Structures are given as structure tokens and as C-alpha cells.
Amino acid sequence: MRKGIVLGLLLGLFGTAPGAKAQEESSKYEVYGGYYYVRFNINANLPGVAPSATYNGYGGGGQFEYNARNWLGVVGDLAGYGATSTANGALVGGAFTYLFGPRVNFRRGRFTPFAQALFGGIRTTDGIGESGPENNFAMTAGGGIDFKVSRHVSVRPVQAEYFMTRLPNGLDNRENNLRIGAGIAVRLGK
């Protein structure tokens with residue numbers, strides 16, 4: 001149900017973006033840096049892992065966006081997280097994500113809401129994956145909003161995304177997670 005809603009919203013946003021009139025010309029490149037929080041939900045059937053283990057992932061990351069059009073960008077996203085157990089707060093491992101994909105921007109003066117879908121991978125350490133360090137598929141779908149504070153700088157107070165991972169878990173090898181972020185974006189080039 002949730003997957004259908006997210007896909008329907010993204011398709012609707014992608015379908016209306018070309019017809020949207022822009023209020024300003026975009027820069028060619030944008031660089032973002034900020035904080036990320038991830039709620040990892042691991043439903044597992046593995047020795048030593050609780051059947052419904054959850055972890056809080058705290059970390060940071062960065063994005064590079066190339067604006068092919070005023071409304072369409074291509075984004076690369078790199079982020080790292082330290083994961084703690086929700087049961088006792090102990091550090092259990094870490095994760096690093098590398099994601100790429102399209103972003104639709106709705107530029108309206110000082111405000112730029114956006115929607116994006118990013119695809120790539122997640123590298124986990126001991127404690128999160130089934131058998132130590134490994135690379136697996138990951139994707140996000142969601143969006144956020146940037147508030148322009150100067151000609152070259154924007155503040156992103158919120159970015160919220162559905163974050164799906166395909167970690168081996170002894171069941172269906174799929175985890176439905178949440179990723180929330182906030183940070184600063186800098187626009188470069190004309």
C-alpha cells in the first residue's frame with residue numbers, strides 16, 4: 001500500500017514538472033551537505049538477531065546535483081551512518097550508501113520543493129548485515145524543500161524519504177526504512 005502511494009506521488013510529480021513555469025534560472029551545479037537519520041527495520045530469521053530488530057542510524061552525507069534543465073536534475077548521494085540498537089543504545093555497526101538518480105525541482109522564488117528517486121547500494125559492517133561487510137541494493141523515494149537565503153546558499157530544513165534496502169535477513173531480504181535529513185545546499189555555476 002505504502003509503496004503504491006509513493007510511486008503514485010512520484011509519477012504525478014514527474015508528469016507535471018515539464019509544464020511548470022519556473023520563477024528563476026537554476027545554477028548548473030548544486031552541492032549539499034547535511035545530517036541524516038535512518039530508522040533501519042530488520043525483520044530477520046537469523047541466529048543472534050531479534051525477529052524484528054530496529055536500529056537508529058545517525059550520520060551525515062553529501063549530494064552533488066547537475067541541473068540538466070531548470071526543473072530536472074541528476075543527483076549523486078553519498079552518506080554514512082553509525083547504527084545503534086533501539087533496545088539498549090549500543091553501537092552495533094555502520095552503513096555507507098551510494099545512490100544516484102533523477103530529481104524534479106519546483107522552483108518558486110525563495111522556495112524549491114523537490115521530489116527524487118535514487119538507486120544504488122548500501123555497504124554494511126558487522127552487526128547490520130548477515131555475515132559481515134557486504135554490498136547490497138538500496139533505493140530511496142521522497143523529497144524535501146530548499147529555502148534560498150542568499151544568491152548561492154539554501155537551507156534544507158527537511159528531506160524525508162522511503163529507504164528500501166535488500167539486506168540478507170533469512171526471510172524476504174527486503175527492509176522498509178525511513179531516512180530524514182537536513183542541511184545546507186550551495187549553488188555553483190550559471
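Values in this document were obtained by computation on a predicted structure and should not be read as measured data.
Nearest heavy-atom pair across K28 and A68 is NZ-O, 4.3 Å. Considering all non-hydrogen atoms of both residues, G57 and F40 come closest at CA-CE1, 4.1 Å. The heavy-atom pair separating V75 from E65 by the smallest distance is CG2-CG, 4.0 Å. Nearest heavy atoms, R151 versus R187: O-NH2, 2.6 Å. Nearest heavy atom pair, residue N67 against residue Y29, reads ND2-N, 4.5 Å. The shortest heavy-atom contact between A138 and F163 is CB-CE1, 4.0 Å.
Both Y66 and V186 are members of a single hydrophobic cluster when ILVMFWY side chains are connected at heavy-atom separations under 4.5 Å. Transitive grouping of hydrophobic side chains (ILVMFWY, heavy atoms separated by less than 4.5 Å) brings F111 and V158 into a common cluster. Neither Y35 nor V38 shares a network with the other; the hydrophobic side chains, linked directly or stepwise wherever heavy atoms of I, L, V, M, F, W or Y lie under 4.5 Å apart, form separate groups for each.
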Could you give the side-chain donor-acceptor pairs of residues 95-102 under 3.5 Å, partners two or more places apart or in another chain?
from, atom 1, to, atom 2, distance (Å)
T97, OG1, Y81, OH, 3.2
Y98, OH, N135, OD1, 3.1

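With Q116 contributing its side chain and V104 its backbone, the two residues share no donor-acceptor pair below 3.5 Å. Checking side-chain atoms of T84 against main-chain N and O of A90 turns up no donor-acceptor pair under 3.5 Å. Side-chain atoms of N177 come within 3.5 Å of backbone N or O of N41 as a donor-acceptor pair. A donor-acceptor pair under 3.5 Å is formed between the side chain of R110 and the backbone N or O of K148. Without hydrogens or angle criteria, R174 side chain to T165 main chain gives no donor-acceptor distance under 3.5 Å.
For the pair P168/E134, a side-chain contact is recorded, criterion being any heavy-atom separation below 4.5 Å from C-beta on.
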Worked check of side chain to side chain contact (heavy atoms under 4.5 Å, CB included) between S27 and L188:
CA-CA 6 Å; S27 59; L188 310 167; 6.0 Å; no
F147 vs R156, test: side chain to side chain contact (heavy atoms under 4.5 Å, CB included). Steps then yes/no.
CA-CA 6 Å; F147 292 103; R156 183 172 301 164; over 6 Å; no
Stepwise, does the side chain to side chain contact (heavy atoms under 4.5 Å, CB included) test hold for T112 with I145?
CA-CA 6 Å; T112 303; I145 187 165; 6.0 Å; no
Take R179 and D77 through the side chain to side chain contact (heavy atoms under 4.5 Å, CB included) test and state the conclusion after the steps.
CA-CA 13 Å; R179 182 169 89 157; D77 179 295; 3.3 Å; yes
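From Q159, atom CD reaches atom OH of Y36 across 4.5 Å, with rounding to the nearest 0.5 Å. I122 contributes atom CD1, which lies 6.5 Å from atom OG1 of T124 (distance to the nearest 0.5 angstrom). With rounding to the nearest 0.5 Å, the separation of CZ in R107 from CG in D146 is 8.5 Å. Atom OG1 of residue T140 and atom CG of residue L118 lie 4.0 Å apart, to the nearest 0.5 angstrom. Here the straight-line distance linking atom CZ of F137 with atom CZ of R166 works out to 8.0 Å at 0.5 Å rounding. In this structure, N176 CG and R39 CZ are separated by 13.5 Å, a value rounded to the nearest 0.5 Å.
Checked by atom type, the side-chain pair N56/Y37 shows a donor-acceptor distance below 3.5 Å.
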